[in-house]
Amino acid sequence: MKKPVLEFQNISMQYGADPSQSRQVLSGVSFQLEAGRHVSLVGRSGSGKSTLLHLAAGILIPTTGSVHLAGQEISSLKEQQRTDLRSRYLGLVFQFFHLLPHLSVGENVALPGWVAGAPKTETSSRVKELLSRVALADRADDPVGKLSGGEMQRVAICRALLLRPKLVLADEPTGSLDDATGGQIMDLLLEMTEAEGGSLLYVTHSRQLAQAADHVWELHDGQLRTSEPTAGE
Ligand SMILES: Nc1ncnc2c1ncn2[C@@H]1O[C@H](COP(=O)(O)OP(=O)(O)OP(=O)(O)O)[C@@H](O)[C@H]1O
Ligand SMILES: [Mg+2]
């Protein structure tokens, strides 16, 4: 078996310290996500999907249990080490893109490279390569705020992939797009993570888009149900 890029061991997550007000969102969640896999995560609103992604990214620390990202136990790391691990191993894609509107398309994609101190020439050739793969090479100098939603999400995908992350986490990446654009974005995200050899864990409310993954996992009553491989496997 390939080494997992992400592993949850008996994770419970409770928000709020006061027991009378606190809410148990996840209880006893365990899984391994192997390198190169595509997994979709479904479940009702409030079932804890975003919470699970935030735990995977080390943005939240679990109440009990352990999260290993690329073999490292996240909660044992200091904040700065967690940030470094996140920038080295993870690409993040969000529903509302989280781009910087005053920067250009190319600058938005290049940003993780600048933050990581990667050589400028390497970063700029990677930016060009990625933007041409999403058919936005000719928009590199435009302010990102001028783009449509689908175009912005293509830019966000390029930014997430810039440093060739082992794992991409995407929280409703098609949630603010129409069905046709959402379908294209999902295809692009699957295709590009596959081409780069990375794993992908994405949240979606669409049963159809969920089926495009190798596995569909469902959160229900704080528990994770992992499925048999989908037909695409
Ligand atoms: N910071 C917080 N403090 C307290 N409760 C929180 C916090 N963040 C989330 N919750 C609660 O935890 C539960 C799970 O939230 P989460 O955002 O993970 O759900 P979700 O499955 O992503 O939902 P959606 O599909 O609507 O995005 C919800 O009941 C939510 O109200
Ligand atoms: Mg959510």
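Starting from 1, each residue takes its place in the sequence as its number. Whatever order the structure lists them in is the order used to number ligands and atoms, beginning at 1.
Contacts of H205 with ligand 1, taken as heavy-atom pairs under 4.0 Å, involve the side chain alone. Contact annotation for V25 and ligand 1: only side-chain heavy atoms (C-beta onward) come within less than 4.0 Å of the ligand.
Distance check on atom 31 (O) of ligand 1: every protein heavy atom falls at or beyond the 4.0 Å cut-off. Within a 4.0 Å radius of atom 4 (C) of ligand 1, the protein contributes at least one heavy atom.
In this structure, S47 is part of the shell of residues with a heavy atom less than 4.0 angstrom from ligand 1. The shortest heavy-atom distance from G48 to ligand 1 is under 4.0 Å.
Within 6.0 Å of CD in E194 there are 12 or fewer heavy atoms belonging to other residues, nucleotides or ligands.
From the protein, the heavy atom lying nearest to atom 16 (P) of ligand 1 is T51 OG1, 3.6 Å. Looking only at heavy atoms of the protein, atom 23 (O) of ligand 1 is closest to G46 N, 2.8 Å. Here the heavy atom of the protein found nearest to atom 29 (O) of ligand 1 is R23 NE, 2.9 Å. Nearest non-hydrogen protein atom to atom 27 (O) of ligand 1 is E172 OE2, 3.5 Å. Scanning the protein heavy atoms around atom 10 (N) of ligand 1, the nearest turns out to be Y15 CE1, 3.3 Å. For atom 17 (O) of ligand 1, the nearest protein heavy atom (residue, atom name, distance) is S50 CB, 3.7 Å. Ranking the protein heavy atoms by distance from atom 21 (O) of ligand 1 puts K49 NZ, 2.8 Å first. With respect to atom 26 (O) of ligand 1, the closest heavy atom belonging to the protein is S45 OG, 2.6 Å.
Residue contact annotation: T51 places no N/O/S atom under 2.8 Å from the Mg ion (ligand 2).
In this structure the side chain of L163 never reaches within 4.5 angstrom of the side chain of Y89, judged on heavy atoms. Taking 4.5 Å as the limit, some side-chain heavy atom of V42 sits within range of a side-chain heavy atom of R207. Considering only heavy atoms from C-beta on, F8 stays 4.5 Å or farther from P62 through its side chain. With a 4.5 Å cut-off on side-chain heavy atoms, R164 and R126 count as touching. For the pair K49 and H205, the minimum side-chain heavy-atom distance is below 4.5 Å. Contact check for P173 versus Q153: side-chain heavy atoms found under the 4.5 Å cut-off.
Near R44, with a cut-off below 4.0 Å to any heavy atom, the atoms of ligand 1 are 21 (O).
Ion pairing between R133 and E196 holds under the 4.0 Å rule for side-chain N and carboxylate O.
Each of Q9, E7, H68, R37 was checked for a side-chain hydrogen bond (donor to acceptor under 3.5 Å, both in side chains) with Q32, and the lone residue meeting it is E7. Just one of Q80, R82, Q81 meets the side-chain hydrogen bond (donor to acceptor under 3.5 Å, both in side chains) condition when paired with D84; it is Q80.
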